[in-house]
Number of protein chains: 2
Amino acid sequence: MGREMGKGQPRRGRRRGSGPTVSDVARAAGVSQMTVSRVINREANVREETRAKVEEAIAALGYVPDPAARSLAGGGQCRIALLYSNPSAAYLSEFLAGSIAGAAASGAQLGIEHWDGAEGVEALARRLAAHRTDAVLLPPPLCESAALLDALTGTDMPVAQVATGEPSPVAHAVSIDDRAAAEAMTAHLIVLGHRRIGFIAGEPNLTASGLRRAGYEQALASAGITAAPALIRGGNFTYRSGLAAGEALLSLSSPPTAIFASNDDMAAAVVSVAHRRHLEVPGDLSVCGFDDTAMAITVWPELTTIRQPVAEMASAATELLVKAVRARRAGEELAPQHLQLPFAVISRDSVAPPRRSD
Amino acid sequence: MGREMGKGQPRRGRRRGSGPTVSDVARAAGVSQMTVSRVINREANVREETRAKVEEAIAALGYVPDPAARSLAGGGQCRIALLYSNPSAAYLSEFLAGSIAGAAASGAQLGIEHWDGAEGVEALARRLAAHRTDAVLLPPPLCESAALLDALTGTDMPVAQVATGEPSPVAHAVSIDDRAAAEAMTAHLIVLGHRRIGFIAGEPNLTASGLRRAGYEQALASAGITAAPALIRGGNFTYRSGLAAGEALLSLSSPPTAIFASNDDMAAAVVSVAHRRHLEVPGDLSVCGFDDTAMAITVWPELTTIRQPVAEMASAATELLVKAVRARRAGEELAPQHLQLPFAVISRDSVAPPRRSD
DNA sequence: CGCTGTTCTGTTAGCGCTATCCTTCGCCGT
DNA sequence: ACGGCGAAGGATAGCGCTAACAGAACAGCG
């Protein structure tokens, strides 16, 4: 039977005008499709030289892998649910962007699920099952809920906690070294000449809070400064709690020359309190925060703070989950990974040397 | 009976344990895969009897079509890009959540693209093309960039603007009635007894700013109050501009009893200024914002503000784009739609009747 | 009965990618 | 030399689905 009878021209196929495909890249790089695939997936056993050639071709053609095709051919459909509760919204947006990128990169579907705890844990599990969820991504503060974690790890869905201080041994986790970060920030203040450094602790139920406080204390100890208990105040990560703690610290007979708040919201509140008392920031009082959320650059002066690579963390956690799901489907089990990403001290305008180093 | 005769014994396929496929259903129903596909897609030209048989088989096997395969095979692939610039991040998180939901609902892929304007418009267009973007979603403030809009609508990608005051005639748009919202908020203050109501305008380049101001003026006019020009101050949606405008308004010889800021950031700044001057909010000064971003409930007291259903708006815009892309592929053209979603006045603790209605 | 339409249903060939072989090649030890 | 081994990369066959076309079944009409 003459397949190409009517037209001498081979049938155009039903290519979407879309874009370059693996075979285009392969042709351009002078390798096989499979090698391109290997480069994309960062598999081993590809010579550096070959990899470079392929990457060049990818860049030149502006190639982007088709997620649909990937999940069809590869490990198969993978739906991961991002479970969130109380959105510290600035955080969530970066987190979402990261998850989306991670999901896109591994060809997974991302679903957003809200859970406020009112609905029981089992009801949640049922909901996830109905949505054919393969894995669950937990940003703070949900990643700290022991009940939730238990229920989730009880199912056969891999779970990833992001930014928890104390990862569960049965879950994947991505975080920064909160303790080292707090220590670095405190040390920074000490180097500038501050000696009376106030600290506003975070929500006591979150494990990261303890680590941040430990880092602060460690830095003081390393510098030979005795930590005055009066300089440490409790907070719960809200602006309002920062207001109260700030008032308390600045009402001391010998107030601190710098205040390190465990997050940006509380630091912003401290700035507000300082202004109310007609103290200049950073002239009369240095203030620093933690997280580098939108709040940090919203207030004036902009806050010196610790940047967590939230997007990267979310992206890494997402990819981890996809890998876990695929491994599980292949019959293996991916041992819980606990990644730690680097943080950075971001210097802005809310910190300066103390006016008189007494 | 033998397996498929034509081909040799298939080599141990790499079936995922997943679920039943079209061919399972087809075999169970005694029809071809194609017929099953037709039933799934509710195509015409399938006998009622056949359809019933297939549907029965689907139900019996618990078959669910694989979206990845569908979009690979069908033209279904649709990649929509969410283009964002400015870290108006609190807004973005809700926006993202909405877009994701919208994309999932219509089976589209969502990509996040950052653009700060440094890279030229054509470079951006090239990047989008390289990422096989089919349509572009523009949250504020990018949706106001005429240059960008021109460049984008010049391509054959559908574009949707979200929350713009003045939709382009060639783009889709989803917004709220900013003017009516500002009018409602102002009227609310008037009903409480305020007569000297300060207004902080938004970034003059954004069309929504003008509408909000017009709404404010309209409400005053309707109540027979003459708008004192001194009570209107310019701002640009930043906290810092709110600080300056707040200072100016409260320094007037006859200061306002209420200040309506065009967004929450500026309203938060006004609260801060008021506190610095030892004015109680809302006792001595009522303050209200606009947008209901995270900032509104971060500061204390929490802000009375206008809620825009950002997530719904993003979701609606996303679905609109998908529809437009599919229509275009089918050869038709979806005329630009301009949707307007309802807003709501959210009463919190930053507004009260004036102490003495003078 | 042929001849045209009109439904319906089946067949074939991919969509873009990766799993699973398989070949090739260089490097070691004896 | 030789066999053996592991790394690098190629060839091929699908993943589950649908577009496009090719029949088959059935109607009406001369």
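Proteins come first, then strands; the chains are lettered A, B, ... in the order of their sequence lines, and each starts at number 1. Note: hydrogens, waters and symmetry copies are ignored here, and every other heavy atom, side chains too, is used. The shown structure was predicted, so the numbers you read here are calculated from the model rather than taken from an experiment.
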Legend entry - For atom CZ of Arg38(A) and atom C1' of dA11(D), their distance in whole Å: 11 Å
Legend entry - Distance in angstrom units between Asn41(A) CG and dG16(C) C1', rounded: 13 Å
Inset, instruction - Go through the steps to decide whether Ser32(B) and Thr35(B) satisfy the test side chain to side chain donor-acceptor pair (under 3.5 Å), and finish with yes or no. - result: CA-CA 5 Å; Ser32(B) 75; Thr35(B) 302; 3.3 Å; yes
Legend entry - d(CZ, Arg51(B); P, dT7(C)) in whole Å: 15 Å
Legend entry - Residue whose closest nucleotide on DNA chain D lies nearer the 5' end, Arg47(A) versus Pro65(B): Arg47(A)
Legend entry - Phosphate OP1/OP2 of dT9(C): any Thr35(B) side-chain N/O under 4.0 Å: no
Inset, instruction - Verify the contact: side-chain N or O of Thr50(A) to OP1 or OP2 of dG9(D), cut-off strictly under 4.0 Å; return yes or no. - result: yes
Inset, instruction - Can you tell me the distance, in whole Å, between the CG atom of Asp24(A) and the P atom of dC17(C)? - result: 9 Å
Legend entry - Short side-chain N/O contact from Thr21(B) to OP1 or OP2 of dG16(D), under 4.0 Å: no
Inset, instruction - Nearest-nucleotide wise, let me know which of Ala69(B) and Ser32(B) is further upstream toward the 5' end of DNA chain C. - result: Ser32(B)
Inset, instruction - Would you check, one step at a time, whether the test side-chain contact (heavy atoms from CB on, under 4.5 Å) holds for Arg38(B) with Thr50(B)? - result: CA-CA 11 Å; Arg38(B) 289 192 179 104; Thr50(B) 314; over 6 Å; no
Inset, instruction - Specify the separation, in whole Å, of atom CZ of Arg70(A) and atom C1' of dG14(D). - result: 18 Å
Legend entry - Nearest-Å distance for atom pair CE/P, residues Met34(B) and dA19(D): 6 Å
Legend entry - Nearest-Å distance for atom pair CG/C1', residues Asp66(A) and dC17(D): 13 Å
Inset, instruction - Using a cut-off of 6.0 Å, state whether more than 12 heavy atoms not belonging to Glu43(A) lie near its atom CD. - result: yes
Inset, instruction - Have a look at Ser23(B) and say if it touches a base, only the backbone sugar-phosphate, or nothing, with a 4.0 Å heavy-atom cut-off. - result: nothing
Inset, instruction - Give Val31(A) one of three labels, base, sugar-phosphate or nothing, depending on what nucleic acid heavy atoms sit under 4.0 Å from its own. - result: sugar-phosphate
Inset, instruction - Identify the heavy atoms of Ala314(B) and Leu137(B) that sit nearest to each other, and give their distance. - result: O-CD2, 4.5 Å
Inset, instruction - Whole angstrom is fine here: how far is it from CG in Leu72(A) over to C1' in dT18(D)? - result: 12 Å
Inset, instruction - Would you name the heavy atoms of Cys143(A) and Leu138(A) that are closest together and state the gap between them? - result: CB-O, 3.3 Å
Legend entry - Nearest to side-chain heavy atoms of Val22(B), which nucleotide of dT9(C), dG16(D), dA8(D): dG16(D)
Inset, instruction - Would you mind classifying the nucleic acid contact of Val36(B) as base, sugar-phosphate or nothing, using non-hydrogen atoms under 4.0 angstrom? - result: nothing
Inset, instruction - When you get a sec, tell me which of dG10(C), dC8(C), dC17(D) is the closest nucleotide to the side chain of Gln33(B)? - result: dC17(D)
